[in-house]
Protein chains: 2
Amino acid sequence: MEDQFIKTSSLIGDPTRASILWTLMDGRAFTATELAVSVNTSPQNISMHLGKLLDADLLCVEKQGRHKYYRFSNKEVAYALEAMASLVPKPEVSLKNKPENYPPIKFCRTCYDHLTGKIGVAVTDSLLEQEIIVEKNNAFEISKEGEKWFSDLGINLEEAQKQKRIFLKPCLDWSERRNHIAGSVGTLLFNKMINEDWLRKTENSRAIIVTGKGEAALLKYFKIVV
Amino acid sequence: MEDQFIKTSSLIGDPTRASILWTLMDGRAFTATELAVSVNTSPQNISMHLGKLLDADLLCVEKQGRHKYYRFSNKEVAYALEAMASLVPKPEVSLKNKPENYPPIKFCRTCYDHLTGKIGVAVTDSLLEQEIIVEKNNAFEISKEGEKWFSDLGINLEEAQKQKRIFLKPCLDWSERRNHIAGSVGTLLFNKMINEDWLRKTENSRAIIVTGKGEAALLKYFKIVV
DNA sequence: ATCATAGTTAAGCGCAGAATGAACTATTGC
DNA sequence: GCAATAGTTCATTCTGCGCTTAACTATGAT
């Protein structure tokens, strides 16, 4: 077992491969060429590395015409990489740091049952911005206007408040290093988005794709440009 | 963030360092020399690698006289390594494989609230051997004699059966690749062992140490030689 | 004091394995 | 058919980084 572990870790440990895996972390499938561009290396080199990752069963491929789409072969891979990512030394963050302007969002992930990734953070930012939720000593609270906003959306907060589970809490996203909403409110919002087909789950990963309908809705309700 | 991730993964990815981390996985602290022996390399080399792991805050040291004891600096490290270990390609296992004779047990880990690691597996084996629990189509059941055994130990099974959570289920240990008991029965057994001071929790890791009292008890109740 | 053991630091070598170059197959579009 | 794009294979080059040799400090034992 030990040497197997060592093999796997050196497989992941190579800078180029680590970069490939990092790129795939958003859950989408990428073609070989896309990955080559993303990690800034040659096609042959990418091909070699992808071969090794396939052999180790970390990735799988789907052929579509002359393209080959690579993605994680199962969600354990994503979990492991997330766990590794959580180990990176935390930079000294000043609280004054302005949140940067995020580039258009292409993807999001789920943190089991609520939204995370770029979208999760953006949604949370938007709710704060619109003062639908407000931060109070490291916790989130729903404002008066917020209650109206949620009921307009068709989300019944009274229901949620009755549940045993935590109603609303911030949850730190490991990659964005930003808070996003979790708790039953996070779940309700997430389910709403799925049910309305704004978002769609993917098969083998925790990735979520944004539908065309979703793009419009995100813009309308959250002023988020996808 | 990406380059930070790459740095961390190549840090873990080096074969020697991976072997060090693997050794430390049991949760105990090791001296530099012990690690050098364990991973079969020179003291200088170990020193260099340990330095890097310290810099990255994956390990921490405690000085005792002329010895330096190294261990994981926090449990996230162990979690990440476990997640990575779960990625190793599964060998074709024949079900006929006899369980090997395990060497004396020096450590165990907890799977959040029940026993795992060598002891967890050994305890489970013992319960099966003594027919206190029996395997039935991939599930565990408690036998007639088993019920007496548990009540003799002072564990109230009726209580546990009333609980909402799963009563008794096998849980695959990632490193031993063997089943051990989880569910509320696993938890009860684990708590019993902690309360009786057979086992003792350690501070910063998921490691559990076996006390002298525990050694005797494990021998008596489970015929396990620690 | 002296010797042994534990661990660190610095400098140069050596090699596994990543990157490159060139030649190849496969699919799409015209 | 031909050209263009996507991806792979193999032989060769090259280089980063781990390992060693050697000299060092520190603690403990006699």
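All chains are named by letter (A, B, ...) in the order of the sequence lines, taking the proteins before the strands, and each is independently numbered beginning at 1.
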Given [N], is OP1 or OP2 found less than 4.0 Å from the side-chain N or O atoms of [X]?
X	N	result
B/Asn45	D/dG18	no
B/Ser42	D/dT20	yes
B/Lys68	D/dT27	no
A/Thr16	C/dA19	yes
B/Thr41	D/dC19	no
B/His49	D/dC19	yes

Euclidean distance, atom [atom1] of residue [X] to atom [atom2] of [N] [Å, nearest integer]:
X	N	atom1	atom2	answer
A/Glu62	C/dT27	CD	P	16 Å
A/Leu35	D/dT8	CG	P	11 Å
A/Asn40	C/dA18	CG	C1'	15 Å
B/Met48	C/dG12	CE	P	17 Å
B/Asp14	C/dC15	CG	P	17 Å
A/Gln44	C/dG17	CD	C1'	16 Å
B/Lys52	D/dG16	NZ	C1'	10 Å
B/Ile6	D/dC17	CD1	P	12 Å

Proximal nucleotide (of D/dA6, D/dT8, C/dA18) relative to the A/His67 side chain: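 Selected nucleotide (nearest to the side chain): D/dA6.
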
Closest listed nucleotide, where the reference is the side chain of A/Ser47 and the choices are C/dT8, C/dG7, D/dT9: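 Nearest to the side chain of A/Ser47 among the choices is D/dT9.
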
Parallel, tilted or perpendicular, as decided by the 30° and 60° cut-offs, for the rings of A/Phe5 and B/Trp22: tilted

Test log, rule side-chain hydrogen bond (donor to acceptor under 3.5 Å, both in side chains), inputs A/Ser38 and A/Thr23: CA-CA 7 Å; A/Ser38 165; A/Thr23 305; 2.9 Å; yes

Aromatic centroids of A/Trp198 and A/Phe222 separated by under 6.0 Å: no

Earlier contact from the 5' end, DNA chain D, for A/Pro15 and A/Tyr70: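 This one resolves to A/Tyr70.
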
Between B/Gln130 and B/Ser126: side-chain donor-acceptor atoms closer than 3.5 Å: yes

Euclidean distance, B/Gln4 CD relative to B/Thr8 OG1, rounded to 0.5 Å: 6.5 Å

Touch class at under 4.0 angstrom, heavy-atom based, for A/Tyr69 against every strand present: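 No contact at all - A/Tyr69 keeps every heavy atom at 4.0 Å or more from the nucleic acid.
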
